[in-house]
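As the structure is a prediction and not an experimental result, all values here were calculated from the model.
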Amino acid sequence: MMAGLMNVDGLSLTERLNRKAAFRMVKNRAAELEKLEDEALIDLMDAGESRNAMIDGRVVARIEKTKGSAGNRFKIKDPLAYGAWLHANGYDDNVYAAPLPTDVAKTKSFIERVVSEHEGELPDGVEVDGGRPAALKITVNKDEQRGMFERTQLPPAMNLMLENGGVL
């Protein structure tokens, strides 16, 4: 448990689901408000300017407007596609002849066979995908989220962040 957070060991699955939804709604609303502030601050601050943000007389953050970069710079996002285009348009002197695996060589069964033939050694350029861990996906009811922040008083679930003496 993170320091300063209340102990929630005794909560039921339903209580935890409700809390998760409430936290996501707060996060989404905060993101909307932050985006509006970003747009305003971009207009108000000069490039390279850095200012302190204060709450209750204490510096809580430093906000800087970066200088950005000039447009019209070229960036190769797909070297293979660019190379194919160069080749197709007569720029063969500017294209490497590169050995690439065929579609068959990219299949799981083919790679398994190659690994087996080489006593378990992985070919260069191949790695074992560890998969991904289970994750939570949440879909918030946008109408409910909007309504929650239009009320004059927050519902009890939203007060979770203010419990425990206001420590988040």
In this structure, NZ of Lys106 is separated from CG of Leu100 (nearest 0.5 Å) by 7.5 Å
Sequence neighbours excluded, the answer for side-chain hydrogen bond (donor to acceptor under 3.5 Å, both in side chains) partners of Glu117 is Arg113
In short, Pro101 meets Ala105 closest at the heavy-atom pair CB-CB, 4.0 Å
Under a side-chain separation threshold of 4.5 Å, the hydrophobic residues clustered together with Tyr91 are Ile76, Tyr82, Trp85, Leu86, Val95
Residues passing the side-chain contact (heavy atoms from CB on, under 4.5 Å) test with Asp143, sequence neighbours excluded, are Asn141, Arg146
Across all chains, not counting sequence neighbours, the side-chain contact (heavy atoms from CB on, under 4.5 Å) partners of Ile111 are Val115, Val126
Hits for salt bridge (Lys or Arg N to Asp or Glu O under 4.0 Å) against Glu64, two or more places apart or cross-chain, chain-then-number order -> none
Hits for side-chain contact (heavy atoms from CB on, under 4.5 Å) against Ser12, two or more places apart or cross-chain, chain-then-number order -> Thr14, Glu15
Here the gap from Asp38 atom CG to Leu33 atom CG, rounded to the nearest 0.5 Å, amounts to 11.0 Å
Taken in chain and number order and not counting sequence neighbours, the residues that satisfy side-chain contact (heavy atoms from CB on, under 4.5 Å) with Glu39 are Lys35, Leu36
side-chain contact (heavy atoms from CB on, under 4.5 Å) with Asn52: of Ile63, Val60, Val59, only one passes, and it is Val59
By side-chain hydrogen bond (donor to acceptor under 3.5 Å, both in side chains), Arg24 pairs with (sequence neighbours left out) none
**Q.** Min side-chain heavy-atom separation Ser50-Arg62 under 4.5 Å
**A.** yes
Salt bridge (Lys or Arg N to Asp or Glu O under 4.0 Å) filter on Lys67, not counting sequence neighbours, yields none
### Query
Does Lys65 reach the main-chain N or O of Ile42 with its side chain, forming a donor-acceptor pair under 3.5 Å?
yes
The complete set of salt bridge (charged side-chain N to carboxylate O under 4.0 Å, His left out) pairs with one or both residues in residues 76-99, sequence neighbours excluded, reads none
d(Glu34 CD, Lys27 NZ) to nearest 0.5 Å is 11.5 Å
Decide if atom CG of Leu44 counts as having more than 12 heavy atoms of other residues, nucleotides or ligands within a radius under 6.0 Å. yes
Taken in chain and number order and not counting sequence neighbours, the residues that satisfy salt bridge (Lys or Arg N to Asp or Glu O under 4.0 Å) with Glu37 are none
Separation between CG (Leu11) and CG (Asn18), nearest 0.5 Å, reads 10.0 Å
Sequence neighbours excluded, the answer for salt bridge (Lys or Arg N to Asp or Glu O under 4.0 Å) partners of Glu112 is Lys108
